[in-house]
There are 2 protein chains.
Amino acid sequence: MRIGELSERSGLSRDAIRFYERIGLVGSQRSPNGYREFGAETVPWLDYVRTAQRLGFSLAEIGRHGEELRESPDSAEALSALFAEKIALVDAKMAELAALREELADRAGTGCPLRPDGS
Amino acid sequence: MRIGELSERSGLSRDAIRFYERIGLVGSQRSPNGYREFGAETVPWLDYVRTAQRLGFSLAEIGRHGEELRESPDSAEALSALFAEKIALVDAKMAELAALREELADRAGTGCPLRPDGS
DNA sequence: CTTGACCTTGGAGCGCACTCCACTGTTTAC
DNA sequence: GTAAACAGTGGAGTGCGCTCCAAGGTCAAG
């Protein structure tokens with residue numbers, strides 16, 4: 001599929017996709033005319049990228065994770081270990097959020113929360 | 001307290017604190033000599049800012065939340081409502097993380113996950 | 001009364017993640 | 001065959017969240 005279709009299907013702009021290609025986050029073949037050709041798997045991959053990104057991972061991190069996954073010998077064990085790592089990362093983030101949530105809930109009880117003024 | 005002490009106590013650079021002041025994220029009094037004077041509450045506030053930021057909130061969002069909280073009539077009900085809102089936001093983020101976690105876990109089972117290449 | 005640590009204000013620069021633009025080439029539809 | 005819709009490149013610009021720097025003012029210790 002060419003960049004326009006991928007753009008529509010992924011919800012990302014053409015420019016963003018070209019940018020992602022430059023930084024190695026997505027790959028593509030080139031048609032004889034120079035047009036980029038993307039495989040169908042690129043759509044779920046970009047979905048994943050967007051999700052991970054919205055959750056606070058940088059493109060560099062996401063790219064590294066993807067590379068690690070691709071470079072791992074595809075024995076189920078190694079793969080599982082990598083996923084376990086990523087899941088631990090996600091769990092850590094969730095724990096932080098839970099802490100923030102509690103902090104908010106706690107302060108909801110007290111009189112004077114969260115004052116940015118230095119007064 | 002002056003900016004140096006606040007910097008040490010909050011773990012933020014002086015420059016970052018000055019930047020936060022410029023964008024209205026922290027307030028300060030000025031001593032006759034022009035030095036910034038920060039109140040003790042600024043430390044937990046900056047802690048909160050850092051946490052919220054690490055969890056994906058922009059400084060603008062954090063500032064807006066803080067303002068809303070300060071501007072709310074300090075009746076316990078209004079305050080609680082605001083906190084409930086923020087907590088819902090946090091909950092939404094947690095749900096997203098849970099979904100990502102599941103996606104990762106699911107793919108851990110399948111053979112070929114997450115391929116950025118358009119091949 | 002100087003030294004040094006602290007503070008001030010601009011303003012420039014940087015890394016990230018794009019976006020926009022101008023100009024050019026290719027393909028498709030009528 | 002020409003117009004529209006698509007593709008390509010390079011480079012500038014943007015907003016965020018800072019960092020770094022130069023030039024200077026303030027203040028306590030020796």
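Naming: A, B, ... by sequence-line order, numbering from 1 per chain.
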* Name every residue in residues 14-23 of chain B that has at least one heavy atom under 4.0 Å from any atom of DNA chain C, in order of residue number, or write none if there are no such residues. => B:Arg14, B:Arg18
* To do: Would you kindly compare A:Ile3 and B:Ser13 by the position of their nearest DNA chain D nucleotide and give the one closer to the 5′ end?
  => A:Ile3
* **Nearest atoms (heavy-atom pairs only) where B:Leu12 meets B:Tyr20** => CD1-CE2, 3.8 Å
* To do: Working to the nearest 0.5 Å, report the span between CG of B:Leu46 and CG of B:Leu6.
  => 5.5 Å
* **Backbone N/O of B:Ile3 and side chain of B:Ser7: donor-acceptor pair under 3.5 Å** => no
* **Donor-acceptor pair, side chain of A:Glu37 and main chain of A:Arg30, under 3.5 angstrom** => no
* **Audit row: B:Arg64, B:Glu61, side-chain contact (heavy atoms from CB on, under 4.5 Å) steps and yes/no** => CA-CA 5 Å; B:Arg64 272 197 303 280; B:Glu61 282 173 316; 3.5 Å; yes
* Do you reckon B:Val43 sits in the same ILVMFWY cluster as B:Leu59, going by side-chain contacts under 4.5 Å, direct or chained? -> yes
* **Lys/Arg-Asp/Glu bridge criterion (N-O < 4.0 Å) met for B:Asp15, B:Arg18** => yes
* Identify the 5'-most and 3'-most nucleotides of DNA chain D with at least one atom closer than 4.0 Å to a non-hydrogen atom of chain A. => D:dC6 to D:dT9
* Structure fact -> Tightest non-hydrogen contact, residues B:Phe38 and B:Ser28, listed as CE2-CB, 3.6 Å
* Do you know the tightest heavy-atom contact between B:Ile62 and B:Trp45? -> O-CH2, 4.2 Å
* Contact class for A:Ser31 vs. all strands (heavy atom < 4.0 Å): base, sugar-phosphate, or nothing? -> nothing
* How would you give the extent of chain B contacts on DNA chain C, as first and last nucleotide 5' to 3' within a 4.0 Å heavy-atom cut-off? -> C:dC6 to C:dT9
* So how far is it from A:Ser13 OG to A:Glu8 CD, rounded to the nearest 0.5 Å? -> 13.0 Å
